[in-house]
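First the structure, in the form of structure tokens, and then the observations on it.
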Amino acid sequence: MKKHLVLIAVCCFAGLLFTGCKDKGPNVIGTWVQPKDESSFVDEQGFTLLEDGGVIGINMGYSEYKTWEVIDNQLILCGEYMGTNPHAVNDTLNIVEVNDEHLVLEQGGYEISYEKR
């Protein structure tokens, strides 16, 4: 299991080294947070996508993203799930909309909206 996690992490890192986050789609660099839901106990949730391909999570629970890249209008987040069964995570999300104020991502028919902070 540990060898498998290391292999996936190396593949994500190697992908960033060879493809980078160089302008292969819309510019998503910055801090993105979900608008606060009145019923939520968490003040805000989201992430910061750094220019160097790193990710800083904001109240992301058990998911700890480490790297990101955009390829063909898809945001790919690589990291680890840190819950009771830790494992590598490689989330691919379709970019529905991105501008200076909003980011909308879609996966499996479910859309998540973020605001730029």
Side-chain angles (χ1 to χ4, degrees):
M1 177 73 171
K2 287 183 182 179
K3 288 181 182 178
H4 181 68
L5 290 175
V6 170
L7 179 61
I8 291 173
V10 168
C11 289
C12 284
F13 183 71
L16 284 174
L17 285 177
F18 293 112
T19 61
C21 299
K22 305 291 185 218
D23 204 15
K24 293 188 178 174
N27 183 6
V28 294
I29 294 170
T31 298
W32 300 98
V33 294
Q34 293 177 353
K36 181 163 174 26
D37 181 351
E38 296 301 321
S39 65
S40 176
F41 294 108
V42 178
D43 285 334
E44 61 184 8
Q45 183 174 355
F47 45 81
T48 299
L49 301 176
L50 303 171
E51 207 167 328
D52 67 359
V55 180
I56 299 171
I58 303 169
N59 297 322
M60 293 298 290
Y62 293 107
S63 294
E64 186 177 321
Y65 294 115
K66 307 268 186 197
T67 61
W68 70 275
E69 63 181 320
V70 171
I71 297 177
D72 296 331
N73 218 41
Q74 293 183 317
L75 174 62
I76 302 167
L77 298 168
C78 294
E80 296 178 58
Y81 175 76
M82 306 302 287
T84 56
N85 182 21
H87 58 274
V89 174
N90 189 0
D91 285 335
T92 301
L93 305 130
N94 296 314
I95 300 172
V96 176
E97 176 187 351
V98 63
N99 58 42
D100 291 339
E101 298 174 4
H102 296 94
L103 171 66
V104 179
L105 301 174
E106 181 271 333
Q107 185 179 48
Y110 181 71
E111 288 189 358
I112 304 171
S113 296
Y114 296 89
E115 296 174 351
K116 196 162 196 177
R117 182 166 16 124

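On a predicted model such as this, the values are computed, not experimentally measured, just so you know. Residues take their numbers from the sequence shown, with the count starting at 1.
Residue pairs meeting the side-chain hydrogen bond (donor to acceptor under 3.5 Å, both in side chains) criterion with at least one partner in residues 94-107, sequence neighbours excluded, are Q74-N94, N94-E106, E97-N99.
The pair K66-E64 meets the salt-bridge criterion, since a charged nitrogen lies less than 4.0 angstrom from a carboxylate oxygen.
Atom CD of Q45 and atom CG of N59 lie 7.0 Å apart (nearest 0.5 Å). Taken from CH2 in W32 to CG in L105, the straight-line distance is 9.0 Å, to the nearest 0.5 Å. Here the CE atom belonging to M60 is positioned 7.5 Å from the CG atom belonging to L77, to the nearest 0.5 angstrom. Once rounded to the nearest 0.5 Å, the distance linking CG of N27 with CG of L103 reads 10.5 Å.
In this structure, F47 is not a member of the same hydrophobic cluster as V104, with clusters built from ILVMFWY side-chain heavy atoms closer than 4.5 Å. Cluster annotation: L93 and I29 are assigned to the same hydrophobic cluster (Ile/Leu/Val/Met/Phe/Trp/Tyr, side-chain heavy-atom contacts under 4.5 Å, transitive).
A pairwise comparison of heavy atoms in V98 and V28 identifies CG2-CG1, 4.0 Å as the closest pair. Residue L49 comes nearest to V55 through the heavy atom pair CD2-CG2, 4.0 Å, listed as atom of the first residue, atom of the second, then distance. Minimum heavy-atom separation, S113 to P35: O-CD, 3.4 Å.
Hydrophobic side-chain contacts under 4.5 Å tie M82 to no other Ile, Leu, Val, Met, Phe, Trp or Tyr residue.
Annotation for Y81: atom OH counts as buried by contact number, over 12 foreign heavy atoms lying within 6.0 Å.
The side-chain hydrogen bond (donor to acceptor under 3.5 Å, both in side chains) search around D91 returns Y65, not counting sequence neighbours. Residues passing the side-chain hydrogen bond (donor to acceptor under 3.5 Å, both in side chains) test with Y114: none are found, sequence neighbours excluded. In terms of the side-chain hydrogen bond (donor to acceptor under 3.5 Å, both in side chains) criterion, E111 has no residue partners (sequence neighbours excluded). Taking the side-chain hydrogen bond (donor to acceptor under 3.5 Å, both in side chains) definition, one finds that T31 meets it with T48, sequence neighbours left out.
W68 places a side-chain N or O within donor-acceptor distance of the main-chain N or O of G54, the cut-off being under 3.5 Å.
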